Asker: 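Take this structure, written in structure tokens, and hold onto it; I'll ask about it next.
A note on names: the letters A, B, ... follow the listed sequences, proteins ahead of strands, and every chain is numbered from 1. Given the structure is predicted, the values throughout are model-derived calculations rather than measurements.
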Amino acid sequence: MNHRAAHDAGELRRERSWPLSSRPDLNLWRGNVTMTVRTRFAPSPTGYMHIGGMRTALFNWLWARHNGGTFILRIDDTDQQRNMDEALGPILRAFKWLGLTWDEGPEIGGPYAPYFQSQRGELYRAAADRLLREGKAYRCFETKEQIDEDRKLAEAEKRPYLSARRSLQLSESEIQKFLVEGRPHVIRFLVPRNQMVVIDDHIRGRVEWDAGLMADPVIMRGDGSPLYNFATVIDDTQMQITHVIRAEEHLSNTPTQVLLHQALGNTLPQFAHIPYVAAPGGKEKLSKRKLAQYRNNASFKKLCDKGDAVFTQIGLSGQAGLDPVMVEFYERVGFLPAGILNGLLRLGWSLDDKTEIFSLDDAVKLFTLDRVVKAPAGFDPDKMVSYQQHWMMQLPLAEKVAGCLPYLEKAGLIASPPTPENREFTARVIAALGDRIRLFSDVLDVAYFFRDEITYDEKEFAKRLAKEGVPALLAGYRDRIAALLDWTVENLEAALKSYCEEQSQSPGTLIHALRISTTGVPIGPGVYECVLLVGRERALTRMDQAVQRVSHQPLPPNP
RNA sequence: GGCCCCGUCGUCUAGUCAGGCCUAGGACACCGGAUUUUCGAUCCGAUAACAGGGGUUCGAAUCCCCUCGGGGUCACCA
């Protein structure tokens, strides 16, 4: 890509997008001071990092970096009682792997610590008390059964469900009595019903809701813990978040949050609701629970199968949830961060009508919210692989080797840790493989270079070796090169050509037979390179073996 | 069902706000061909889309209206 040109194009786009920011509600300028852009990604610690969530995180990160701002990681664990290391580990791991550094959050803290909602209870309680005092929230003693009944009734009458607000009728003394009794209750926000809620979303434009149609949301549970919609509002304001960039499924949470912000007297953050990442070939939200269904998609299945094959060899098979919906899958199967990042970026964002390849640095320079696409983007594994392929081809040999070595180690193909000889030999193999390596784990496809036993592709064996005259030809060539002292690509080739000429045979016949006999498969680097990598002793042995093998097999009828 | 969002090649997208430069451009996949006596990569080429219907206009993918379709969300989940 022409960086300069692309950059200029980006600048132009931004100029054109400025009118959006000239609206007072979206303006970054407050008085004379430019507010630093602050974005956040607030995952719930679930034990894995969803690829769609990663895309949302990337957009947040890019917007912060693009503006020289701050990216915050906050953990929304208001409803989690699980082991935090297990639940959060994979999420942080994904960020680290991709190089998406956070400026404030877990492990590093920051000026608005703590960054775990479970540790911020005081903040929420204080805010809830304030709303209670100001009559903007109320204690609701209604039972779940009662609420359910109201809901059903509303549905039956085909009208929107609205909170009955019976608890509002309670006198102060009754409330005190209930409280002393320890009667279970929640705190609900009193929705101001006679107003519209309006936001100017960076992606969607103006979106409106009628507050008169909204039920009073619970903001504090019976046990005194906050609900997501409430905690988010408190945290976003306290952490000075300027842009709330999140997936579209949160759009319906927005009116509640806006109302809460208003009740608290907060300055509204700007909103950007980006489309969710959809299932391959579909429009539904990509979900880890629908893997079986996604396997019907050819390219998704291809990726899954690749993963299965690799994980079996490196002892990761059966690991729960290691699938293409999770970021960790890509790391484990040998993708490059650059490939994933490029793919994620282009899933719902474009610069122009032709640029496809972006490094992270490019993306930081060029990313703007106005270029985010409105419609959900179906996840396309094939395209992900093609970005990966591009970035893998850019990678220097030494780094490719470093990336491949662990796969060979775990598969037991080389020593662990690798010996200098292992490293040197692997480098030769990777160099010969060239751009055939798309994923680091692809090196496992050439196990025949690393061990004595080989597996024949039977179909190819039958086609290329089990034919009249071929074994003899191969045996003859074997003896010819066995006598050759200096094995080089040139010498092996010259020997083959002259031998075939003497025997009045087409070189192709021998070339194919040679390849199958020494590697077992019909694909790979140049034949002579393969022979060299297999090594003198093993190559000669394998040729003998193949010739013998044919004599034990019935020859196909000669046409 | 209510509320909200979305609708351009199979897929990701450009073009829509400021109508003509669009007989709709690029990329991935697919199919052909060249090259490589393999595979891959590379190069060349082909197929392929404005959801539908009405308007407005000299002119509509673009503006207006209606219809249809898809999706999100409706919790003491996040």
Side-chain angles (χ1 to χ4, degrees), chain A residues 16-17 19-20 42-46 76-80 117 140 144 147-148 151 154-155 158-161 184-188 201 203-205 207-210 213-215 217-223 225-229 231-232 246-255 273 275-276 278 280-285 297-299 343 346-357 370-371 373-387 389 393 433-438 442 445 460 464 506-512 514-516 519 521-527 530:
Chain A
R16 294 204 308 177
S17 75
L20 194 63
S44 168
T46 52
D76 281 12
D77 56 346
T78 56
D79 193 45
Q80 308 292 332
Q117 288 190 330
C140 173
K144 210 165 171 72
I147 304 261
D148 284 348
R151 274 222 168 74
E155 197 175 327
K158 290 183 190 267
R159 59 176 166 80
Y161 164 75
H185 71 283
V186 298
I187 299 177
R188 285 185 190 274
D201 192 277
I203 318 291
R204 322 255 142 215
V207 186
E208 305 186 346
W209 296 267
D210 184 350
L213 264 24
M214 293 165 57
V218 174
I219 58 176
M220 295 292 269
R221 292 190 184 87
D223 66 1
S225 64
L227 265 83
Y228 164 75
N229 267 334
T232 292
R246 67 204 342 182
E248 184 192 350
E249 64 243 43
H250 285 283
L251 194 53
S252 53
N253 286 322
T254 307
H273 287 94
Y276 53 87
K283 289 291 175 206
E284 324 88 62
K285 197 164 63 160
N297 175 282
S299 72
R346 286 288 290 101
L347 207 55
W349 182 85
S350 72
L351 174 69
D352 54 27
D353 59 345
K354 47 181 72 70
T355 317
E356 294 287 342
I357 299 302
D370 61 306
R371 298 294 306 169
V373 176
K374 287 177 163 186
F379 178 67
D380 183 355
D382 272 343
K383 195 136 187 182
M384 199 56 101
V385 170
S386 100
Y387 289 118
Q389 181 172 290
M393 287 199 278
L433 249 15
D435 51 31
R436 290 173 189 82
I437 296 272
R438 297 158 112 190
D442 284 343
D445 294 343
E460 287 298 322
R464 300 298 190 185
S506 136
T509 310
L510 218 200
I511 287 174
H512 289 119
L514 179 59
R515 174 184 293 284
I516 304 298
T519 70
V521 292
I523 56 178
V527 226
C530 283

Asker: If only atom types and distance count, is the side chain of A:Asp76 paired as donor or acceptor with the main-chain N or O of A:Ser44 below 3.5 Å?
Answerer: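 Answer holds: no.
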Asker: Between A:Arg159 and B:rC3, is there a contact of a side-chain N or O with OP1 or OP2 at under 4.0 Å?
Answerer: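 False: A:Arg159 side-chain N/O out of range (4.0 Å or more) of B:rC3 OP1/OP2.
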Asker: Does a side-chain N or O of A:Ser350 approach OP1 or OP2 of B:rA14 to a distance below 4.0 Å, or not?
Answerer: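 Indeed, a polar side-chain atom of A:Ser350 lies that close.
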Asker: For A:Glu155, look at atom CD and say whether over 12 heavy atoms of other residues, nucleotides or ligands are found less than 6.0 Å away.
Answerer: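 It does not: A:Glu155 CD has 12 such atoms or fewer within range.
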Asker: In this structure, how many angstroms lie between the P atom of B:rG2 and the CZ atom of A:Arg151, rounded?
Answerer: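 Going from A:Arg151 (CZ) to B:rG2 (P), I get 17 Å.
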Asker: Tell me the partner of B:rU47, counting only Watson-Crick (N1-N3 plus N6-O4 or O6-N4) or G-U wobble (N1-O2 and O6-N3) with both under 3.5 Å; none if nothing fits.
Answerer: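 Per the H-bond distance test, none.
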Asker: Is A:Arg221 reaching over with its side chain to a backbone N or O of A:Pro226, donor-acceptor style, under 3.5 angstrom?
Answerer: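 Such a contact is found between A:Arg221 side chain and A:Pro226 backbone.
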Asker: What does B:rC3 pair with, Watson-Crick or G-U, if both distances are under 3.5 Å?
Answerer: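 In the structure as shown, B:rC3 has B:rG72 as its Watson-Crick or wobble partner.
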Asker: Return the value, rounded to whole Å, for the distance between atom CD1 of A:Ile357 and atom P of B:rA27.
Answerer: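 Distance, rounded to whole Å: 11 Å.
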Asker: Heavy atoms under 4.0 Å, any strand shown: does A:His273 hit a base, just sugar-phosphate, or nothing?
Answerer: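 Answer is nothing: A:His273 stays at 4.0 Å or more from every strand.
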Asker: Determine whether a donor-acceptor pair (N or O, by modelled atom type, separation under 3.5 Å) exists between the side chain of A:Arg371 and the backbone of A:Leu351.
Answerer: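 Flag set: sc A:Arg371 to bb A:Leu351 pair under 3.5 Å.
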Asker: Would you name the heavy atoms of A:Trp209 and A:Leu251 that are closest together and state the gap between them?
Answerer: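 For A:Trp209 and A:Leu251, the tightest heavy-atom pair comes out as CZ2-O, 3.4 Å.
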Asker: Write down the distance separating the C1' atoms in B:rA48 and B:rU11, rounded off to the nearest Å.
Answerer: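 After rounding to an integer number of Å, I get 12 Å for this pair.
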Asker: For A:His185 and B:rC76, give me the distance from atom NE2 to atom P, rounded to whole Å.
Answerer: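 Between P of B:rC76 and NE2 of A:His185: 15 Å.
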Asker: Both distances under 3.5 Å, Watson-Crick or G-U wobble: report the partner of B:rA34, or none.
Answerer: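 Here B:rA34 is engaged in a pair, and the nucleotide opposite it is B:rU42.
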Asker: Between A:Arg221 and B:rA78, is there a contact of a side-chain N or O with OP1 or OP2 at under 4.0 Å?
Answerer: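 Answer yes for this pair, as a side-chain N or O of A:Arg221 is under 4.0 Å from OP1 or OP2.
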Asker: Counting any heavy atom closer than 4.0 Å, what does A:Asp435 reach on the DNA or RNA strands: base, sugar-phosphate only, or nothing?
Answerer: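 Contact class for A:Asp435: base.
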Asker: Which is true for A:Asn253 with a 4.0 Å heavy-atom rule: it touches a base, it touches only sugar-phosphate, or it touches nothing?
Answerer: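 It contacts base atoms.
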Asker: Look at all strands and tell whether A:Gly526 reaches a base, only sugar-phosphate, or nothing, counting heavy atoms closer than 4.0 Å.
Answerer: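 Since a base atom lies under 4.0 Å of A:Gly526, the category is base.
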Asker: Taking NZ from A:Lys374 and P from B:rU16, how many angstroms apart are they, rounded to a whole number?
Answerer: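 Distance check: A:Lys374 NZ to B:rU16 P gives 12 Å.
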Asker: Just how far, in rounded Å, is P of B:rA75 from CG of A:Asp148?
Answerer: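 Rounding to the nearest Å, CG of A:Asp148 and P of B:rA75 are 9 Å apart.
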Asker: Taking the P atom in each of B:rC12 and B:rC39, what is the distance between them to the nearest angstrom?
Answerer: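 To the nearest whole Å, 32 Å.
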Asker: Would you mind pulling out the nucleotide paired to B:rG59, Watson-Crick or G-U wobble, both distances under 3.5 Å?
Answerer: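 Across any shown strand, B:rG59 pairs with none.
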Asker: May I ask you to evaluate whether A:Arg188 reaches the phosphate of B:rC76, defined as a side-chain N or O under 4.0 Å from OP1 or OP2?
Answerer: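 Result: yes.
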Asker: For A:Gln389 and B:rU42, give me the distance from atom CD to atom C1', rounded to whole Å.
Answerer: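 After rounding, the gap between these two atoms is 11 Å.
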Asker: Please check if the side chain of A:Arg204 supplies one atom and the backbone of A:His273 the other of a donor-acceptor pair under 3.5 Å.
Answerer: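 Judged by distance alone, yes, a pair lies under 3.5 Å.
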Asker: Looking at A:Lys283, I'd like to know whether one of its side-chain N or O atoms comes within less than 4.0 Å of OP1 or OP2 on B:rC5.
Answerer: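 No, no such contact exists.
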Asker: What's the shortest heavy-atom distance between A:Gly343 and A:Tyr387, and which atoms?
Answerer: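 The answer is CA-CD1, 3.5 Å.
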Asker: Does A:Val385 reach a base, just sugar-phosphate, or nothing at all? Heavy atoms under 4.0 Å.
Answerer: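 Answer is nothing: A:Val385 stays at 4.0 Å or more from every strand.
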Asker: Using a 4.0 Å heavy-atom cut-off, does A:Glu155 contact any base of the nucleic acid, only the sugar-phosphate backbone, or nothing at all?
Answerer: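 No contact.
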Asker: Using a 4.0 Å heavy-atom cut-off across all strands, classify A:Lys158 as base, sugar-phosphate, or nothing.
Answerer: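 A:Lys158: no heavy atom of the nucleic acid under 4.0 Å.
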Asker: Please give, in whole Å, the distance from B:rG72 C1' to A:Lys285 NZ?
Answerer: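 Result: 7 Å.
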Asker: What does B:rA18 pair with, Watson-Crick or G-U, if both distances are under 3.5 Å?
Answerer: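 In the structure as shown, B:rA18 has no Watson-Crick or wobble partner.
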Asker: Could you state the NZ-C1' distance from A:Lys354 to B:rC12, rounded to the nearest angstrom?
Answerer: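 It works out to 16 Å between those atoms.
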Asker: At 4.0 Å (heavy atoms only), tell me whether A:Leu251 reaches a base, stays on the sugar-phosphate, or touches nothing.
Answerer: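 It contacts sugar-phosphate atoms only.
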Asker: Using a heavy-atom cut-off of under 4.0 Å over every strand shown, decide if A:Gly524 touches base, sugar-phosphate, or nothing.
Answerer: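 Contact class for A:Gly524: base.
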Asker: B:rC9 and B:rA27: how far apart are their C1' atoms, nearest whole angstrom?
Answerer: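 Their C1' atoms lie roughly 12 Å apart.
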